[in-house]
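Counting starts at 1 for both ligands and their atoms, in listed order. The first residue in the sequence is number 1, and the count goes up from there.
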Amino acid sequence: MTDPLDRVRAEARAAMTQAYAPYSGFKVGAALLCEDLSVVAGCNVESASYPCGVCAERAALAAAVARGQREFRAVVIVTDAIEPTPPCGMCRQALAEFSPGMSVVSRATSGREAHWILSDLLPSPFTPSSLPSQH
Ligand code: THU
């Protein structure tokens, strides 16, 4: 039986090859498995004005939301690192806005993978209901 995440892994890897990371040299691809089983990918995009750069996970998130997706089952992150790398804090927060219980999978070149649940990586996110206006 094929792993349903294989399609997501493949999309993340393809996105990684498109990453624009001339400053760090660290290419990242990310693909979201949406609630309706569609897959939306993104890559990191750096900038000569360094803080303007965006991570692969948030690039994928923006692309998915633009397609009307707001619920996610999983994100797969692919890098060329030797060990799987966890998503940065800003990406954890951005993903938690939509699906705090989603799976997070990170895959390294070696084929090694790390698996988490987002709520374990970010136990107390600031959520929409944290805002007084949302009560
Ligand atoms: N990066 C990601 O795309 N995702 C992460 O979760 C961590 C870091 C990118 C940002 C920057 O372009 C490069 O990796 C080095 O930090």
Side-chain angles (χ1 to χ4, degrees):
M1 223 174 70
T2 60
D3 183 337
L5 278 183
D6 278 348
R7 198 164 44 99
V8 194
R9 290 182 178 96
E11 292 286 333
R13 175 155 293 282
M16 186 194 79
T17 68
Q18 303 296 338
Y20 178 72
Y23 307 106
S24 72
F26 189 63
K27 293 187 167 199
V28 186
L32 287 159
L33 178 60
C34 306
E35 194 54 39
D36 68 354
L37 300 182
S38 62
V39 177
V40 182
C43 61
N44 55 333
V45 181
E46 297 184 349
S47 169
S49 178
Y50 291 6
C52 294
V54 66
C55 291
E57 296 90 325
R58 278 175 295 125
L61 184 64
V65 172
R67 290 190 196 182
Q69 302 295 327
R70 293 184 180 182
E71 280 184 69
F72 307 105
R73 296 169 188 257
V75 62
V76 175
I77 301 156
V78 173
T79 73
D80 270 334
I82 293 165
E83 294 298 330
T85 57
C88 80
M90 193 181 284
C91 290
R92 295 177 197 194
Q93 177 67 47
L95 292 167
E97 172 83 11
F98 297 96
S99 298
M102 73 193 296
S103 297
V104 179
V105 177
S106 182
R107 190 173 175 84
T109 328
S110 56
R112 277 198 282 280
E113 278 191 357
H115 292 244
W116 302 275
I117 300 299
L118 182 56
S119 54
D120 290 332
L121 292 177
L122 188 67
S124 301
F126 188 87
T127 66
S129 65
S130 307
L131 291 169
S133 59
Q134 302 297 317
H135 282 296

Within this structure, what is the [atom1]-[atom2] distance for the pair [X] and [Y], rounded to the nearest 0.5 Å?
X: Leu122; Y: Ile117; atom1: CG; atom2: CD1; value: 13.5 Å
X: Thr109; Y: Arg13; atom1: OG1; atom2: CZ; value: 6.5 Å
X: Glu35; Y: Gln69; atom1: CD; atom2: CD; value: 9.0 Å
X: Asp120; Y: His115; atom1: CG; atom2: NE2; value: 14.0 Å
X: Asn44; Y: Lys27; atom1: CG; atom2: NZ; value: 9.0 Å

Among all the protein's non-hydrogen atoms, which is closest to [atom], and how far away is it?
atom: atom 1 (N) of ligand 1; result: Cys55 SG, 3.6 Å
atom: atom 11 (C) of ligand 1; result: Glu46 OE2, 3.3 Å
atom: atom 6 (O) of ligand 1; result: Glu57 OE2, 2.7 Å
atom: atom 9 (C) of ligand 1; result: Asn44 ND2, 3.5 Å
atom: atom 3 (O) of ligand 1; result: Ala56 N, 2.9 Å
atom: atom 16 (O) of ligand 1; result: Phe26 CD2, 4.7 Å

* Asked: For Pro87, is at least one N or O under 3.5 Å away from an N or O on ligand 1?
  ->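 Looking only at distances, the answer is no, because the N/O contact criterion of under 3.5 Å is not met.
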* **Leu37 atom CG: more than 12 heavy-atom contacts under 6.0 Å** =>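 Count over threshold, so yes.
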* Work out whether the distance between some heavy atom of Cys91 and some atom of ligand 1 is less than 4.0 Å. =>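 No heavy atom of Cys91 comes that close to ligand 1.
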* If you measure only the distance, is there a donor-acceptor pair under 3.5 Å linking the side chains of Thr127 and Ser129? ->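 Yes, because at least one side-chain N or O of Thr127 sits under 3.5 Å from a partner of the opposite role on Ser129.
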* Asked: Which atoms from ligand 1 have a heavy atom of Ser24 less than 4.0 Å away?
  ->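 Heavy-atom distances to Ser24 below 4.0 Å select 13 (C), 15 (C).
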